[in-house]
Undergrad: 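Next up is a structure, given as structure tokens.
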Amino acid sequence: MTPRIAIFALIAGLAVLIATLGAQLPRDIRSLATARNDNLQWTVFQIDTEFANLSAELAGQAGAARPDSAAIRLRVDIALSRAALATAGTNRSLWAGNTEAEGLIRALQAFGDSAAGIIDRAGPLDSGDVAALSALTDGIRPDVRRLALLGLSQGVALADAQRRALTNKLRWFGLVAIAFVAGLAVALFYLDRLLSAAHRKDDALRATTERLTATVAASLDGIVIANEAGEVIDFNEAASGIFGWGREEIIGRKMDDTIVPHQHRQAHSAGMMRYLATGAPHVIDAGRIELSALRKSGEEFPIELNITSARQAGEEIFIAYVRDISERRINEKKLIAAREQAEKTDRAKSTFLAVMSHEMRTPLNGILGVLDLLGTTDLNPRQSRYVQVAVASGEILLEHVNEALDITRIETGVMTLTPEVFSLRSAVGRVTDVLRPLAAEKGLTL
């Protein structure tokens, strides 16, 4: 739970509590204002008064030859009705939990049953009935007086409890109101902080947006932004240079109708629908790929494309970074052609060296063979020396030719190496025989 939600929840809870207490307080105040407890106590005291009146009536009728039955019955009915009013129904809550009061009420009910049995007889009452009622009344009056006193104490206690409850509610109401005001102050302070932070974020976002706009405008790559419907919603200067469309004339138009080649339009629409339905990318976020695009003039040309997606105002947008690679493709073709030409020239050179090596070895072998034959004839020492020099020179030249042929074999990949044992002394001797005449001409001695 974020602090903001917690603060709002606390304030809402305090508001509900204030509303609840506020709804209860008028009822409690009306309860005290109506003085129901005072009325109940007055009713209890009236029991004692009515029983005193009944006792006086019975005392007055005791000496009469013919008692006034109607007056006696009326007084008994009033006394019993007042007793029932104070001890039954909702007023009985005054005596709840008081065992002494419960006993007195039972005694009063027993008096009522006995008195009712006397006055409910048919015909007028006689002196015996009056004497019996008088005895019952005198016997119950102490209990009635005790019940009235208990009613007074119970009423005072109930009134005190109501006042304490109201005081507690008022205290709680005040505390909750203070807490509510404090919560509002904290919420206002927190909201002010949030508002300040939001202003700072707005400023930062505005600055970032301005930098991003400047970056997009200055980008060497073309940037095309489209919505879920495939409509262009942004088009930077580099994209205008690549595709030939002005920003104002392409905004709001669909890519399928402007920059996507005809043969790719169906696949483009199907790919967007599949991504929006499943979220499974194929070209989106796949890195740079090479495709073809369409200029305003209708020319189709190769591009390097990178597409990413983002959320803006609850909608998916697609950002395409486009680079025209037409010139690069031309340079690549030129480079491939140059490489092929170099390889062709190298192959021709290798062929030439191989042919020349074979053609040169044939006459050299012939010369060396004749020199070997010449060495078998009768020659003077000087002539033999000349033959030896000519043979050594021919052998050196033959080695050079063989080396050229080996180079050709290495380049063509058919060179094989075999171990060979040779005499270094012999090789140096042959070189010395070749170089000795040249050294002698210059006056040098080997």
Undergrad: For D256 and S269, work out which heavy atoms get closest and say how close.
TA: OD2-OG, 2.6 Å

Undergrad: I'd like a table of donor-acceptor pairs (distance under 3.5 Å, sequence neighbours excluded) in which one partner is a side-chain atom from residues 239-249, with atom names and distances.
TA:
residue : atom : partner : partner atom : Å
S240    : OG   : N236    : O            : 3.4
S240    : OG   : W245    : O            : 3.1
R247    : NE   : D234    : OD1          : 3.3
R247    : NE   : F235    : O            : 3.4
R247    : NH2  : D234    : OD1          : 3.0
E249    : OE1  : K296    : NZ           : 3.1
E249    : OE2  : G246    : N            : 2.7
E249    : OE2  : K296    : NZ           : 3.1

Undergrad: Charged N to carboxylate O below 4.0 Å: is that the case for E340 and K344?
TA: no

Undergrad: With a 4.0 Å cut-off, would you call E290 and R323 a salt bridge?
TA: no

Undergrad: With the side chain counted from C-beta on, respond yes when E332 and L335 share a heavy-atom pair under 4.5 Å apart, and no when they do not.
TA: no

Undergrad: Please assess L379 against L374 for the test side chain to side chain contact (heavy atoms under 4.5 Å, CB included), listing each intermediate value before the final yes or no.
TA: CA-CA 8 Å; L379 300 174; L374 183 61; 4.2 Å; yes

Undergrad: For N380, is there any backbone N or O sitting under 3.5 Å from a side-chain donor or acceptor partner on Q383?
TA: yes

Undergrad: Is there a donor-acceptor pair under 3.5 Å between the side chain of T376 and the backbone N or O of L373?
TA: yes

Undergrad: Crowded around Q266 CD? As in, over 12 foreign heavy atoms under 6.0 Å?
TA: no

Undergrad: Sequence neighbours excluded, which residues qualify as salt bridge (Lys or Arg N to Asp or Glu O under 4.0 Å) partners of E231?
TA: none

Undergrad: Taking 4.0 angstrom as the limit, do R329 and D324 come out as a salt bridge?
TA: no

Undergrad: Nearest 0.5 Å please: distance from the CG atom of N306 over to the CD1 atom of I319.
TA: 10.5 Å

Undergrad: Between atom CD of E237 and atom CD1 of I223, what is the distance when rounded to the nearest 0.5 Å?
TA: 12.0 Å

Undergrad: Could you tell me which non-hydrogen atom of V232 sits nearest to which non-hydrogen atom of M255, and how far apart they are?
TA: CG2-CG, 3.7 Å

Undergrad: Any salt bridge linking K334 with E327? Criterion: basic side-chain nitrogen under 4.0 Å from a carboxylate oxygen.
TA: no

Undergrad: I need the L291 CG to H264 NE2 distance, nearest 0.5 Å.
TA: 6.5 Å

Undergrad: Can you see which heavy atom on R265 is nearest to which on L294, and at what distance?
TA: NH2-CD2, 3.8 Å

Undergrad: Which heavy atom in A320 sits nearest to a heavy atom in L305, and how many Å separate them?
TA: CB-CD1, 3.8 Å

Undergrad: Quick check on side-chain contact (heavy atoms from CB on, under 4.5 Å): which of D257, I259, V224 does I250 satisfy it with?
TA: I259

Undergrad: If every non-hydrogen atom of F318 is compared with every non-hydrogen atom of N227, which pair is closest and at what distance?
TA: CD1-O, 3.8 Å

Undergrad: So, do I303 and S292 sit near enough that their side-chain heavy atoms are less than 4.5 Å apart?
TA: no

Undergrad: Can you check whether I233 reaches I251 side chain to side chain, under 4.5 Å on heavy atoms?
TA: no

Undergrad: Mind checking whether Y321 and T308 have side chains closer than 4.5 Å, heavy atoms only?
TA: yes

Undergrad: Consider only side-chain N and O atoms of Q263 and E300, and report whether a donor and an acceptor are under 3.5 Å apart.
TA: yes

Undergrad: Assess whether side chain to side chain contact (heavy atoms under 4.5 Å, CB included) is satisfied between R339 and I336, documenting all intermediate values.
TA: CA-CA 5 Å; R339 186 185 64 188; I336 292 173; 4.2 Å; yes

Undergrad: Hey, what do you get for CD1 (I367) to CD (E395), rounding to the nearest 0.5 Å?
TA: 12.5 Å

